[in-house]
Amino acid sequence: MSKPMTVVLGVIGSDCHSVGNTILNVFFTEQGFKVVNLGVMVSQEEYIAAAIETGAEAILVSSLYGHGEIDCAGLREKCIEQGLDDIILYVGGNLVVGKTDYSLVEEKFKKMGYNRVFSPEFPLEDMAELLRQDIRKRRQERENKD
Amino acid sequence: MSKPMTVVLGVIGSDCHSVGNTILNVFFTEQGFKVVNLGVMVSQEEYIAAAIETGAEAILVSSLYGHGEIDCAGLREKCIEQGLDDIILYVGGNLVVGKTDYSLVEEKFKKMGYNRVFSPEFPLEDMAELLRQDIRKRRQERENKD
Amino acid sequence: MGDYKLSEQEFNKIRNEVLQTWPTGAEVDFDEAVEYQKAIPENKNFAKVLWKAHKNGVTLLQPRAGVALIKDHIELLQYLESEGEADLLPTTIDAYTRLNKYENAADGVEKSLAAKTSLLNGFPAVNHGVKGCRIVTESLKVPVQIRHGTPDARLLAEISLAGGFTSFEGGGISYNVPYAKKVPIQKSIDDWKYVDRLVGAYEERGISINREPFGPLTGTLVPPCISHVVGIIEGILALRQGVKSLTLGYGQGGNLLQDVVALKALKEVANYYFKKEGFEDYELTTVFHQWMGGFPADEAKAFAVISWGTAAGVMAGADKIIVKTPHEARGIPTKEANAQGIKCSKQVANLLQGQNILLGGRYQEEFDLLKREISDLMDKIYELGDGDIEKGTVAAFEAGTLDVPFAPSIYNNGKILPMRDNEGLIRIYNKGSLALSDEVMEYHKARLEERANYERRKVSFQMVTDDIYAISKGRLIGRTK
Amino acid sequence: MGDYKLSEQEFNKIRNEVLQTWPTGAEVDFDEAVEYQKAIPENKNFAKVLWKAHKNGVTLLQPRAGVALIKDHIELLQYLESEGEADLLPTTIDAYTRLNKYENAADGVEKSLAAKTSLLNGFPAVNHGVKGCRIVTESLKVPVQIRHGTPDARLLAEISLAGGFTSFEGGGISYNVPYAKKVPIQKSIDDWKYVDRLVGAYEERGISINREPFGPLTGTLVPPCISHVVGIIEGILALRQGVKSLTLGYGQGGNLLQDVVALKALKEVANYYFKKEGFEDYELTTVFHQWMGGFPADEAKAFAVISWGTAAGVMAGADKIIVKTPHEARGIPTKEANAQGIKCSKQVANLLQGQNILLGGRYQEEFDLLKREISDLMDKIYELGDGDIEKGTVAAFEAGTLDVPFAPSIYNNGKILPMRDNEGLIRIYNKGSLALSDEVMEYHKARLEERANYERRKVSFQMVTDDIYAISKGRLIGRTK
Ligand code: B12
Ligand code: B12
């Protein structure tokens, strides 16, 4: 059996929406991931510290309350600063203020350095599969480098 | 007191919607018009015959069921044929198939020779006032001609 | 029970004439049609799907929809089936076909082809013929019903049933009085006897075809006792010709107590009269129509009326609900608007399904009153017909002891005036010659006086007008401002 | 009743500190504010308008709304007032202000100015100050309330009440446990004591200010007994500080019987405890929140949820309903979508107003059960607090005898798991340390077993997950497919 996939989970900024986080925590655990759940109201620093401490391969950021644009900016840069250059960054939820065409949202957050951007309805099973693939790819790329 | 204003009322074509017609009949009568109500399913010929017989000054056509475009075309021409050149033609209701911008509907029916075109919500009191004005104007024009 | 069945000989004589009234009539071959119907799977048979839902206590949703051209019509229905999540589908017939003006319908088809949009307010099934109908029904996964408003629907029934439709709406009263001006009651009853016999003939060959009298009538403040009596009569007339799957309808009034009472009573009372007439072997289901009168033009408000209609229908325990759309006040809906109406209804129905809501308060009182009103009206019909319901019905319309409000037919007395009471229940203000006993009328009067006092005005025709506009202007009761 | 009132001295000491936490605090001059509030006409005073509606048996509608910039915010509220027909208006505060991060809010205002659109999820009232608030309240014709989610709302209350707002939502538990992660219960109770004392101070000067504890908590499968107990506690704490106009809230669960029982019981039970604590002189009203959990993304379906919420609220006899929008699942609504939500609700409310619908069935049984649950929880609180509700509350959260499901607060036990039964009523599957008696829990268990049998699966966490998603996926109960 291969090394378990460790992921850091949390809701960013001043966001208190805890229901989706509860479900994601249970879901990823059931799917066989090792989940480090930071709960709600997580700062960028907390994500990074947890990722370093646990050797996580991905950070899964939620933002529901509308301030996602402000709160999520700069996380990629901070990761790089801290040596997490190639860590996988996923983000999902109600990412911007107001009902907005998903492709615009995706573009915005991809520019910020997130690898994948998810709308609230994206099927969780499919997402977990993508995550496994992305982690495997990253592991291979790292091996190739070595 | 001036001569009573006689109007012919009816729902055109194969249209069975009788509720609005019942209300318009009561309403115009209360407003002091002499109403010749032909009810529902009225042919163009019936309107014209009734108008000639009663010396009506206006014909008020309703169409609710969506076939208004087909049913209402040609009434102005028939009126002219029968010597009712300057009779006032009003039309109102759900005049075309489908929810349509009112200005498009108005244009269509004005082209067909209707003097005024009414949406279902047009306030009846205002419409009665317009009708009185139009009839007075017509009377004056006729006097001027004499 | 006497044998009122149309004889085979008579039926065939009429059939020969009917099939010749328009060229597509020649496409009908009954024996072939029976074989064709036999091959239709159970889950596409209207009668069977509806009965299954009835037994499971599920409420099905059905839109209205129909456009001029076959291709567009299929696209529309497929959209309502997939995107709209419709449980049952309709094919709504255009107004020319309803009046047997097939030339006008043909003209409408041509103009629609030219205009690249439907200029007809429905699907002209007769013009499209058996072949056209089959293309439609074969393109769909759920059962499809013909919905129309046709006093003489004999050719339409022949063509559409041979065309694979498995349910047929209408009846000799409900598709005459609200829809026609100059058709005698006896004439439409006779023509619908033919339709019912045709359905009976399919039933005798093992094919279930659902029949649904049109409950809402003029859709405008119709007191439940009147529409119920019409439904019961049409039910009896249909059963007499061998119909087995019968759906009785009721159009929402708007007051929840009245609506729940009405639908529950409809089943009980209909079964009583059907048994009384000697029928045992039939499947009775019910349909609840979302508000059939004038709608608000604002779409958010229309959604509210649609939702409340669904809620009332599910609480009343309807087997099927006919769904309106946010475009109702304006015109034939686009397919998107039509789907929105179903989706909204589906969400409400799913929220309520299984909640088993029971009303308290004046429930039993209103239930007993409605049963009393119906028996008043039915007694008179039996009396006028010397015990025969058909003869009695014709006489009752002539005498005005049965009378439909706001109807266009000159064979309808047109004297009764309904009005809402202070809680919004539809009562009768002027009974005309309606055969309601004094006791019943005193109760109605008392409830209306209650409202008049509350509004500090006299009971008057103005109140009727106010009530007709009320829902479209955003309220149930037409109060003074 | 003991004297729990915050002393003037203590209050003034805190005030001095609070007003210095952000520059706009300096704009507050209490005596001037009292004069300003005195000049506000009755029909713009929230407490008075709501009490009048209560006495007339009318249900008022109120949206949620707030954007970053004053001009846009006024435009939004004026639109909701005219086009949207809102009876009462809100000013929803942004999430940074809620956490006293006024710098972040200032940043959001600036970024919004630059982006020419609101990048904040609400109106940063503290940043806009007393003057900014007055510009807003003076532009409107109906009363306006501050709606937020702020554990420490002392500065916000000072500024907004001086700014002409006449109602203030929240409470020491309801604006902590669902909204914050690390704020101790005693801390937020103390901070809300200040807010209530401020309102009491206005009341002593003849100015009615409405106070509304936040009923729905996490909005997700909250059993009524839990939110009711929180409302009753916050009510008592508010009355102790001199609050007179109190609105207790409840978030729709979705099952009509449970919702009607809940709202009726809330009034009865709250009055019982308020009297028990020695209070007589207050005006109690109720607010019903349309479904507060996850919404369907499809707008037609959202309209259905909105309509059913309104229907339930009116049937339950709420004085006020908080209205959602068709954009709920997606994001802060546009002003048009917000108005649509109100218009849809208005139409339903007007259809039901005056219908006086009474439920039968298990009504009394559920009513008695709920009262029993509340008294179980309250008894424990009094016990833990040696007769004092405030002390008891802090202890109850610590012991988990009071516990809010799915809440982010680390001071909440977070062990209880709610779940729907076979008719959709919210029951408790895992009680954690909740102080419910065995008898009550056996009943819950039996109802849940009923559902499990029906669905042929075991009662499990999967059912909770299914129930959380259910309404957003188009049904009330999260059945297996
Ligand atoms: C009740 C109703 C029925 C009842 C009618 C009973 C009866 N005999 O009256 C029944 C159920 C039988 C029925 C049948 C049909 N109906 Co219908 N019906 C309605 C409904 C819901 C209300 C009509 C009504 O009574 N309104 C109340 C009265 C007071 O208002 P009104 O009719 O609009 O009249 C007022 C104004 O329009 C105005 N007005 C009218 N005429 C004129 C004329 C002038 C000069 C002026 C100034 C003003 C004016 O003043 C009137 C009084 O205030 C409307 C939709 C709606 N409005 O909500 C659909 C509607 C009119 N029906 C429609 C259709 C299509 C039909 C059918 C063809 C069936 C079908 N395919 O669905 C059949 C018609 C068959 C036929 N031969 O006519 C469509 C028309 C579509 C279109 N135009 O694109 C509508 C709009 C519904 C829809 N959106 O699909 N219907
Ligand atoms: C319940 C709720 C609340 C509760 C939250 C209680 C709690 N502690 O959790 C309360 C009432 C307290 C609340 C408060 C507020 N809320 Co709120 N809330 C909701 C609501 C109705 C449901 C959220 C929910 O629980 N959904 C169920 C869960 C299971 O779904 P979910 O949260 O979407 O999470 C799933 C997916 O998004 C996805 N997902 C999430 N994150 C990630 C990450 C990754 C990597 C992936 C792959 C997937 C993924 O998977 C999750 C599980 O399936 C939503 C609207 C809606 N969705 O219908 C608004 C909503 C999220 N709230 C909103 C707002 C604005 C607020 C407030 C600021 C108040 C206000 N102004 O109205 C405050 C927030 C204060 C704060 N500091 O955060 C807005 C956000 C607006 C925007 N983005 O433009 C929403 C969208 C409502 C709206 N349309 O206005 N809210």
Side-chain angles (χ1 to χ4, degrees), chain A residues 9-31 37-44 46 62-74 92-105 108-109 112 118-125, chain D residues 67-68 94-101 104-105 107-108 111-112 115 117-122 149 151 176-182 218-221 293-299 325-334 337 405-410 412 414 461-462 464-465 468-469 472-473:
Chain A
L9 181 69
V11 186
I12 200 166
S14 304
D15 193 334
C16 75
H17 290 91
S18 44
V19 180
N21 176 264
T22 309
I23 291 190
L24 289 176
N25 187 11
V26 173
F27 172 77
F28 282 112
T29 308
E30 271 177 2
Q31 291 276 322
N37 186 21
L38 306 176
V40 303
M41 298 182 162
V42 180
S43 67
Q44 297 193 347
E46 288 173 287
S62 296
S63 177
L64 285 312
Y65 73 154
H67 292 178
E69 250 178 291
I70 303 180
D71 295 340
C72 294
N94 299 97
L95 294 171
V96 299
V97 170
K99 184 168 180 169
T100 311
D101 190 42
Y102 172 67
S103 60
L104 295 177
V105 177
K108 233 175 218 170
F109 283 81
M112 290 187 204
F118 297 90
S119 74
E121 281 88 42
F122 196 90
L124 296 184
E125 283 76 13
Chain D
V67 287
D94 70 290
Y96 292 136
T97 302
R98 292 165 184 227
L99 294 162
N100 315 98
K101 300 186 176 176
N104 291 14
D107 185 41
K111 288 205 171 123
S112 300
T117 175
S118 179
L119 292 179
L120 290 180
N121 55 16
N176 173 353
V177 175
Y179 284 97
K181 189 171 172 177
K182 293 177 184 169
T218 51
T220 305
L221 303 179
F295 250 64
D298 181 277
E299 297 194 15
T325 83
H327 284 187
E328 177 62 14
R330 281 287 177 252
I332 303 276
T334 59
F406 311 111
S409 171
I410 58 170
N412 181 62
F461 187 75
Q462 185 58 43
V464 183
T465 310
I468 288 174
Y469 286 128
S472 68
K473 291 194 176 165

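In what follows, every chain begins at residue 1, and chains take the letters A, B, ... in the order their sequences are listed.
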Which portion of [X] sits near chain A, non-hydrogen atoms under 4.5 angstrom:
{"X": "A407(D)", "answer": "backbone"}
{"X": "S118(D)", "answer": "backbone"}
{"X": "T334(D)", "answer": "neither"}
{"X": "F461(D)", "answer": "side chain"}
{"X": "P178(D)", "answer": "backbone"}
{"X": "E299(D)", "answer": "side chain"}
{"X": "I410(D)", "answer": "neither"}
{"X": "P333(D)", "answer": "neither"}
{"X": "L99(D)", "answer": "side chain"}

**chain A interface, residue from T218(D), L120(D), V464(D), N121(D) that has the most non-hydrogen pairs under 4.5 Å** =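 Highest number of heavy-atom pairs under 4.5 Å: N121(D).
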**Prompt:** When only pairs under 4.5 Å are counted, which of R98(D), K182(D), H327(D) shares the most heavy-atom pairs with chain A?
**Reply:**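 Looking at each option in turn, the highest pair count goes to H327(D).
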**Asked** Who pairs with K101(D) by side chain to side chain donor-acceptor pair (under 3.5 Å), at least two apart in sequence or on another chain?
**Response**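 With sequence neighbours excluded, K101(D) shows a side chain to side chain donor-acceptor pair (under 3.5 Å) to S14(A), given in chain and number order.
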**Asked** Residues in side chain to side chain donor-acceptor pair (under 3.5 Å) with K111(D), at least two apart?
**Response**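 Per chain and number, K111(D) pairs via side chain to side chain donor-acceptor pair (under 3.5 Å) with D107(D).
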**Request:** Begin with the C-alpha distance, continue with both residues' side-chain angles, and end with the deciding distance and a verdict on side chain to side chain contact (heavy atoms under 4.5 Å, CB included) for I468(D) and I23(A).
**Result:** CA-CA 9 Å; I468(D) 288 174; I23(A) 291 190; 3.8 Å; yes
**Message:** Once rounded to the nearest 0.5 Å, what's the spacing between atom OH of Y179(D) and atom SG of C16(A)?
**Reply:**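 So the gap between those two atoms works out to 6.5 Å.
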**Asked** Between E121(A) and K473(D), does at least one N-O distance fall below 4.0 Å, as a salt bridge requires?
**Response**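 Salt bridge: no.
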**Message:** Assess the residue pair V42(A) and K181(D) against the criterion (side chain to side chain contact (heavy atoms under 4.5 Å, CB included)); give the C-alpha distance rounded to whole Å, side-chain angles, the decisive distance to 0.1 Å, and a yes or no.
**Reply:** CA-CA 10 Å; V42(A) 180; K181(D) 189 171 172 177; 4.3 Å; yes
**Request:** Tell me, for V11(A) versus chain D, whether the close heavy atoms (under 4.5 Å) come from the side chain, the backbone, both or neither.
**Result:**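 For V11(A), no heavy atom lies under 4.5 Å from chain D.
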**Item:** Considering all heavy atoms, the nearest H67(A)-L119(D) contact
**Value:**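 Heavy atoms only, the tightest pair is CD2-O, 3.7 Å.
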